[in-house]
Student: 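For reference, the structure I am asking about is given below.
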Amino acid sequence: TAMRVAQPGHASRVASSCASASSRRPVVMTINKNVEQTLDTSRDKIMTFSYDDSKAASTRAPARKGTGNGMGGGDIPHDEYDTIIIGSGVGGLACGGLSAKYGDRTLIVESHIKPGGSAHTFERKHNGGTYSFEVGPSIFEGLNEPSINPLRMIIDILGEDLETETYKGLGYWTPEGYWRFPIGSKVDFERTLMERCGEDGPKAVKEWNALSDRLRTLAGSTSAVSLLNLRQDAGFLATTAGSLPYVATHPDIFGDLDMLFDSLHKVVDEFVTVPFLRNFIDTMCIFCGFPAKGAMTAHMLYILERFFDSKASFTVPIGGTCEIANALVRGLEKHGGHLSLNSHVEKVIHEDGRAVGVQLRNGRVIRATKAVVSNLTPFDTAKLLRQTEEEKAADPLPEPVQDYVAQFSKLPRHGAIMHLFVAIDAKDLDLSHIQDCAHLVVQDWGRSLQDSQNLCSFFIPSLKDPSVCPEGKHVIHVYSSGGEPYEPWDGLEDGSAEYEAYKAERAEVLWRAVERCIPDVRERAEFSVIGSPLAHEAFLRRDRGTYGMAWAAGTAAPYSGMLKYVLPFPFPDMKTPLDGLIRCGDSCFPGIGTPSAAASGAIAASTIQPVSKHMDMLKEASQVDPMYKFLDPGPLGKFYELFVGGLTPSPELKGTPSTAGISSGAVQASSEESR
């Protein structure tokens, strides 16, 4: 358990970090802005963090015990694949699994020794028992059965399953006390509004219904066309054609497309005035990194369409979140794909202005005939494209790619995350006052919900899954919002007295959060582990421990393609100026969150394929479960395919001739035979 000792305050530590920043960072003013905004936050403040890594030569995160040295890759059976995916986060695994199912020779290379990115777990032994902790996302809806959750869809399409337990609400611990957001019943939610809003109860219900009515057409579209129908070329006209009957009966959807990608707060301000309801909406959005101000309206649509369905429930994957990754890995391997762990990619190899493969840390080069897909953050992707002066002289990247690398290095991002992992003795512990595994804690509604010292979450999976710890114990993962400044941590030495003291100071708010529910949690603690932004950076392979890219909705992001001329699209294009290199993950549409990351992987995988293969996959998926019937583009899709089929995949993804004697068909046939 971390020692609690006297220590300098956060402000003095920040001042010290800024004073000495010139020895570690070239851009002192950026550091001051990043940190300054966290010292005195207010509710209406939108926080983003920026760095200029355009001159940085290599990856930042130091190797830590338990993460691997990145020198693997000897298990990779071939020197050439159709598609190579860098990173096995949920987006990369979804892309890899579907690429393999499409018939591509598919390789995923992962720097860590575990797959899953943020969706993995770690174990600790204590007094002969094993305790398993989540390290990332923990609030999942719709994973227990076929649903409109794209992650569940992909698991089903790959022919896999996921064992889960369910619960029906989200606990809130706020300045006003404890309350619970029930899902699966609109009536129960309206009853909660009546109870929590006092004399404003009827008004809150009326305003919520007015907001829901205003967004009803957009929300209904989530059951008319799936994110899995999307692709980034002309083929989308065919793959989304199944939604045309809905569009024909809801022509007002065209007028709302702008609002879909705009900041949600604009429509909320039109309809919602009751403080409790505005607070609730902000907390529902914060999982994407922003409150309503800064979050896409699209983020609210899933909640409106799904959370009040009687089948809606939150899910706990039995065995831990890692089982999501394991299901996707099984799907990858079932269809002939390969995952290589502890295989760090040092750079993307390019020839004649095209990405043609990757170079691993051990020096091995693996070539890709179709595409290289980066499942990394924009900042980490840019690192793989940087060139030394010698490399520029020998084979310079095209100027548009060099500009792209420089701009991607400076994109705004969310701050880092603090973690607290606690194992407790549950003897005589009465938790009858709670019904749910996941809880949100807000210290002060007047402060920014992005403030890592204001909003946090805690998750007790052992309430539903006793396999994650010994009998009579519980495991708890507490984590802050993504607003922890990185600068005060930069330069601290792992294990030093200063580092341990600062961890204890910054984690104090996490302890207090759990004490709202379990007042004697510190006395019950068998052991605890504090995860700092430095640990988050190293273990989750996220530059500076960032929660993700942070382009606030309302304006188009750089490199957002042709959409920027017609819509305020807040994501850089998944395609890049380097032919053959595309991206997936939470920095691509539809954004942060496990379902969104999975959807981005599916969009990337389909964009690499001819639209005919995408259409076949959608038709097959529509037959997996009646819930998925709407995925099939049907006769209208076939009609449009006649006109756009020859345009897919787009020219930059047409691929290069194979240098190996192994064809995609041979690999697929071998996979079929083994099954």
Student: Looking at K101 and E620, is any side-chain nitrogen of the basic one under 4.0 Å from a carboxylate oxygen of the acidic one?
Tutor: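 Answer for the salt bridge query: yes.
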Student: Would you say E652's side chain and D579's backbone share a donor-acceptor pair under 3.5 angstrom?
Tutor: no
Student: Just so I know, are the side chains of V365 and D79 near enough to count as touching, which here means a heavy-atom distance under 4.5 Å?
Tutor: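 Heavy-atom side-chain distance check fails, nothing below 4.5 Å.
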Student: Could I get the full list of side-chain hydrogen bond (donor to acceptor under 3.5 Å, both in side chains) partners for S263, not counting sequence neighbours?
Tutor: H265
Student: Output all residues satisfying ring pair (Phe, Tyr, Trp, His ring centres under 6.0 Å) with F569, sequence neighbours left out; order by chain, then residue number.
Tutor: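 F569 satisfies ring pair (Phe, Tyr, Trp, His ring centres under 6.0 Å) with F261, F571, F589 once adjacent residues are dropped.
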Student: Taking the side chain as every heavy atom from C-beta outward, state whether W551 and T48 have any pair of such atoms under 4.5 Å apart.
Tutor: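 With C-beta onward as the side chain, the pair stays apart.
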Student: Give the ring-plane orientation class for F539 versus H112, where under 30° counts as parallel, over 60° as perpendicular and anything between as tilted.
Tutor: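 F539 and H112: tilted rings.
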Student: May I ask you to say whether R105 pairs ionically with E80, meaning some side-chain N is under 4.0 Å from a carboxylate O?
Tutor: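 Salt bridge between R105 and E80, a charged N being under 4.0 Å from a carboxylate O: yes.
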Student: Under a 3.5 Å cutoff, is there a donor and acceptor pairing between the side chains of K575 and S650?
Tutor: yes
Student: Can D616 and K613 be counted as an ion pair, charged N to O under 4.0 angstrom?
Tutor: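 No, no charged N to carboxylate O under 4.0 Å.
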Student: Between T222 and F630, which heavy-atom pair has the shortest distance, and what is it?
Tutor: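 Looking at all heavy atoms of both residues, the closest pair is O-CE1, 3.9 Å.
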Student: Do any pairs count as a salt bridge (Lys or Arg N to Asp or Glu O under 4.0 Å) and have a residue in residues 598-607, sequence neighbours left out, and if so which ones?
Tutor: none
Student: Taking the side chain as everything from C-beta on, heavy atoms only, tell me whether S88 gets closer than 4.5 Å to L339.
Tutor: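 Counting from C-beta outward, S88 and L339 do come under 4.5 Å.
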Student: If I compare all heavy atoms of G142 with all of S147, which pair ends up nearest, and what's the gap?
Tutor: O-OG, 2.7 Å
Student: After noting the C-alpha distance and the side-chain angles of D380 and R542, does the key distance pass the salt bridge (charged side-chain N to carboxylate O under 4.0 Å, His left out) rule?
Tutor: CA-CA 8 Å; D380 293 298; R542 306 280 285 188; over 6 Å; no
Student: Considering residues at least two apart in sequence or located in another chain, which fulfil the side chain to side chain contact (heavy atoms under 4.5 Å, CB included) criterion with D403?
Tutor: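 Per chain and number, D403 pairs via side chain to side chain contact (heavy atoms under 4.5 Å, CB included) with E399, Y559.
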Student: With distance as the sole criterion, is a donor-acceptor pair present between the side chains of S226 and Y628 under 3.5 Å?
Tutor: no
Student: Determine yes or no for a side-chain-to-main-chain donor-acceptor pair under 3.5 angstrom, with Y547 supplying the side chain and F287 the backbone.
Tutor: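 Such a contact is found between Y547 side chain and F287 backbone.
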Student: Short question: side chain of K114, backbone of T121 - any donor-acceptor pair under 3.5 Å?
Tutor: yes
Student: How about H350 and Q387: does a side-chain donor come under 3.5 Å of a side-chain acceptor?
Tutor: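 Note: H350 and Q387 side chains meet the donor-acceptor criterion.
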Student: Please report, to 0.1 Å, the donor-acceptor pairs under 3.5 Å made by any side chain of residues 294-303, with sequence neighbours excluded.
Tutor:
residue, atom, partner, partner atom, Å
T297, OG1, M259, O, 2.9
T297, OG1, D262, O, 3.2
Y302, OH, E141, OE1, 2.5

Student: Give the intermediate values and the outcome of salt bridge (charged side-chain N to carboxylate O under 4.0 Å, His left out) for residues R361 and E346.
Tutor: CA-CA 5 Å; R361 178 168 287 171; E346 288 289 348; 2.9 Å; yes
Student: Is the closest basic N to carboxylate O distance between D161 and R330 below 4.0 Å?
Tutor: no
Student: With a 3.5 Å distance limit and no angle check, can you tell me whether H614 reaches the backbone of P610 through a side-chain donor-acceptor pair?
Tutor: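 No.
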Student: Please assess Y81 against I76 for the test side chain to side chain contact (heavy atoms under 4.5 Å, CB included), listing each intermediate value before the final yes or no.
Tutor: CA-CA 10 Å; Y81 289 83; I76 299 174; 3.6 Å; yes
Student: Considering all heavy atoms of both residues, which atom of P150 and which atom of L227 are nearest to each other, and what is their separation?
Tutor: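 Closest approach of P150 to L227, heavy atoms only: CG-CD1, 4.2 Å.
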Student: Under the side chain to side chain contact (heavy atoms under 4.5 Å, CB included) rule, collect the residues that match up with S587, sequence neighbours excluded.
Tutor: P378, M549, R583
Student: Give the minimum heavy-atom separation between L143 and T315, together with the two atoms involved.
Tutor: CB-OG1, 3.4 Å
Student: Is the distance between the ring centroids of F290 and H414 under 6.0 Å?
Tutor: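 They qualify: ring centres under 6.0 Å apart.
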Student: Looking only at side-chain N and O atoms, does T239 offer a donor or acceptor that is under 3.5 Å from a partner on N229?
Tutor: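 The answer is no; no qualifying pair exists.
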Student: Are any non-hydrogen side-chain atoms of L618 and D632 less than 4.5 angstrom apart?
Tutor: no
Student: With sequence neighbours excluded, what pairs up with H338 under the ring pair (Phe, Tyr, Trp, His ring centres under 6.0 Å) test?
Tutor: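 For H338 there are no ring pair (Phe, Tyr, Trp, His ring centres under 6.0 Å) partners, ignoring immediate neighbours.
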Student: The test is side chain to side chain contact (heavy atoms under 4.5 Å, CB included); show your working for N375 and C95 and say whether it passes.
Tutor: CA-CA 9 Å; N375 182 216; C95 181; over 6 Å; no
Student: Any side-chain heavy atom of F122 sitting closer than 4.5 Å to one from V135?
Tutor: yes
Student: Q609 and D104: side-chain donor and acceptor closer than 3.5 Å?
Tutor: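 On atom types as modelled, these side chains qualify, holding a pair under 3.5 Å.
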Student: Does R386 reach the side chain of S409, with side-chain heavy atoms less than 4.5 Å apart?
Tutor: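 R386 vs S409: side chains touch.
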Student: Would you kindly say whether T381 and S374 are connected by a side-chain donor-acceptor distance under 3.5 Å?
Tutor: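 Yes - a donor-acceptor pair under 3.5 Å links their side chains.
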Student: Taking the side chain as C-beta and beyond, is there a heavy-atom pair between M574 and I603 under 4.5 Å?
Tutor: yes
Student: So which heavy atom on I108 is nearest to which on G87, and how close?
Tutor: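 Heavy atoms of I108 and G87 come nearest at CG2-O, 3.7 Å.
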Student: For residues R231 and S606, report the shortest heavy-atom separation together with the two atoms involved.
Tutor: NH1-O, 2.8 Å
Student: Classify the ring geometry between F639 and F643 as parallel (under 30°), tilted (30 to 60°) or perpendicular (over 60°).
Tutor: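 Geometry flag for F643 against F639: perpendicular rings.
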Student: Please enumerate all residues that pass side-chain hydrogen bond (donor to acceptor under 3.5 Å, both in side chains) together with R413, with sequence neighbours excluded.
Tutor: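 Counting only residues at least two positions away or on another chain, R413 forms a side-chain hydrogen bond (donor to acceptor under 3.5 Å, both in side chains) with D543.
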Student: Indicate whether any N or O donor in one side chain lies under 3.5 Å from an N or O acceptor in the other, for T369 and D82.
Tutor: yes
Student: Set out, in order, the CA-CA distance, both residues' side-chain angles and the distance that settles side chain to side chain contact (heavy atoms under 4.5 Å, CB included) for T166 and F314, then state yes or no.
Tutor: CA-CA 6 Å; T166 63; F314 293 121; over 6 Å; no
Student: Test side chain to side chain contact (heavy atoms under 4.5 Å, CB included) on L151 and I324; report intermediate values, then the result.
Tutor: CA-CA 9 Å; L151 175 55; I324 294 174; 3.8 Å; yes
Student: Kindly indicate whether the side chain of V348, heavy atoms from C-beta on, has any atom under 4.5 Å from the side chain of I86.
Tutor: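 With C-beta onward as the side chain, the pair touches.
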Student: In chain order, what residues pass the side chain to side chain contact (heavy atoms under 4.5 Å, CB included) check against Q623, with sequence neighbours excluded?
Tutor: K619
Student: I'd like to know if E110 pairs up with R541 as an ion pair, taking the criterion as any Lys NZ or Arg NE/NH1/NH2 lying under 4.0 Å from an Asp or Glu carboxylate oxygen.
Tutor: no
Student: Mind checking what makes side-chain hydrogen bond (donor to acceptor under 3.5 Å, both in side chains) contact with Y479, not counting sequence neighbours?
Tutor: S138
Student: Output the distance between atom CD1 (I608) and atom CD1 (I582), rounded to the nearest 0.5 Å.
Tutor: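 Interatomic distance, I608 CD1 to I582 CD1, rounded to 0.5 Å: 4.0 Å.
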Student: Return the set of residues passing side-chain hydrogen bond (donor to acceptor under 3.5 Å, both in side chains) with Y640 (not counting sequence neighbours), or none when no residue passes.
Tutor: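 Applying side-chain hydrogen bond (donor to acceptor under 3.5 Å, both in side chains) to Y640 gives none.
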Student: Listed by chain and number, what are the side chain to side chain contact (heavy atoms under 4.5 Å, CB included) partners of K311, not counting sequence neighbours?
Tutor: E145, R306, D309
